[in-house]
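Here's the structure, in structure tokens; my notes come after.
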Amino acid sequence: MNTYAPVLVLGALGAGFAIFSVVMATLIGPKRYNRAKLEAYECGIEPTPTPAGGGRFPIKYYLTAMLFIVFDIEIVFLYPWAVTFDALGLFGLVEMLLFVLTVFVAYAYVWRRGGLEWD
């Protein structure tokens with residue numbers, strides 16, 4: 001337990017600071033509400049009413065999420081592989097080449113569908 005005590009203390013300090021900051025901001029902060037502040041903010045775009053069933057999302061949202069997941073998962077697997085590269089030998093190299101090939105296929109799909117064009 002002695003080895004985890006500093007981590008637990010740091011976590012408690014971080015949580016305490018976060019809770020203290022939120023509580024103090026609500027108590028001390030200005031309370032000048034108006035209609036514009038109470039509306040949902042959508043990245044500077046005026047909110048538009050949506051149909052009762054929800055509405056359709058452009059494919060661009062899904063491609064952006066897919067691109068994020070592809071690169072996120074790639075880094076999660078590449079870092080430990082790089083750390084233990086010598087211990088894995090040829091088997092680890094072949095497996096990582098297969099993994100990078102599948103990541104490249106997903107990347108090529110997103111590229112072909114226009115996920116990298118930010119307009």
Side-chain angles (χ1 to χ4, degrees):
M1 187 63 180
N2 288 338
T3 57
Y4 295 111
V7 175
L8 293 174
V9 169
L10 185 63
L13 282 173
F17 178 73
I19 292 169
F20 175 77
S21 298
V22 170
V23 169
M24 292 308 289
T26 56
L27 293 176
I28 298 174
K31 295 170 180 56
R32 293 184 296 260
Y33 298 110
N34 57 27
R35 185 172 173 239
K37 283 188 178 183
L38 295 176
E39 287 185 5
Y41 181 71
E42 297 182 8
C43 302
I45 301 171
E46 290 293 324
T48 57
T50 57
R56 299 181 67 170
F57 287 99
I59 191 72
K60 192 72 133 177
Y61 289 112
Y62 299 109
L63 289 176
T64 303
M66 191 179 195
L67 191 63
F68 171 76
I69 289 171
V70 164
F71 287 119
D72 192 40
I73 290 174
E74 182 182 14
I75 293 301
V76 164
F77 285 115
L78 276 176
Y79 183 73
W81 173 78
V83 170
T84 61
F85 177 72
D86 290 336
L88 295 175
L90 184 63
F91 174 75
L93 179 63
V94 171
E95 291 297 319
M96 191 48 67
L97 286 175
L98 290 173
F99 174 71
V100 169
L101 181 68
T102 57
V103 168
F104 181 71
V105 168
Y107 176 71
Y109 174 76
V110 170
W111 191 355
R112 287 282 284 168
R113 298 291 291 181
L116 300 176
E117 297 171 8
W118 305 101
D119 40 48

Would you please name every residue forming a side-chain contact (heavy atoms from CB on, under 4.5 Å) with [X], sequence neighbours left out?
| X | value |
| --- | --- |
| Leu93 | Trp81, Phe85, Leu90, Leu97 |
| Asn34 | Ala36, Lys37 |
| Phe68 | Asp72 |
| Val23 | Ile19, Leu27 |

For [X], check ring-ring contact (aromatic ring centres under 6.0 Å, His included) against everything at least two apart and list the hits.
| X | value |
| --- | --- |
| Tyr62 | none |
| Phe77 | Phe99 |
| Phe71 | Tyr107 |

Who else is in the cluster with [X] when I, L, V, M, F, W and Y are joined by side-chain contacts under 4.5 Å?
| X | result |
| --- | --- |
| Leu10 | none |
| Val83 | Tyr79 |
| Val9 | Leu13 |

Practice problem: Following the transitive rule for hydrophobic clusters with a side-chain heavy-atom cut-off under 4.5 Å over Ile, Leu, Val, Met, Phe, Trp and Tyr, establish whether Val94 and Leu88 coincide in one cluster. | Solution: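 Same hydrophobic cluster.
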Quiz prompt | Minimum side-chain heavy-atom gap Met96-Leu78 below 4.5 Å | solution =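 The answer is yes; the side chains approach within 4.5 Å.
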Self-check item: Residue pair Thr26 / Lys31: nearest heavy atoms and the distance that separates them
Solution: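 Nearest pair, atom of Thr26 first, then Lys31: O-NZ, 2.8 Å.
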Self-check item: Shortest non-hydrogen contact from Ala106 toward Val70
Solution: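 Distance-wise, the nearest heavy atoms are CB-CG2, 3.6 Å.
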Quiz item: Distance from Trp111 atom CH2 to Phe104 atom CZ, nearest 0.5 Å?
Solution: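 Atom-to-atom, Trp111:CH2 and Phe104:CZ are 7.5 Å apart.
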Quiz item: Restricting to pairs with a member in residues 13-39, which pass ring pair (Phe, Tyr, Trp, His ring centres under 6.0 Å), not counting sequence neighbours?
Solution: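 Checked against ring pair (Phe, Tyr, Trp, His ring centres under 6.0 Å) - neighbours excluded - no pair reaches residues 13-39.
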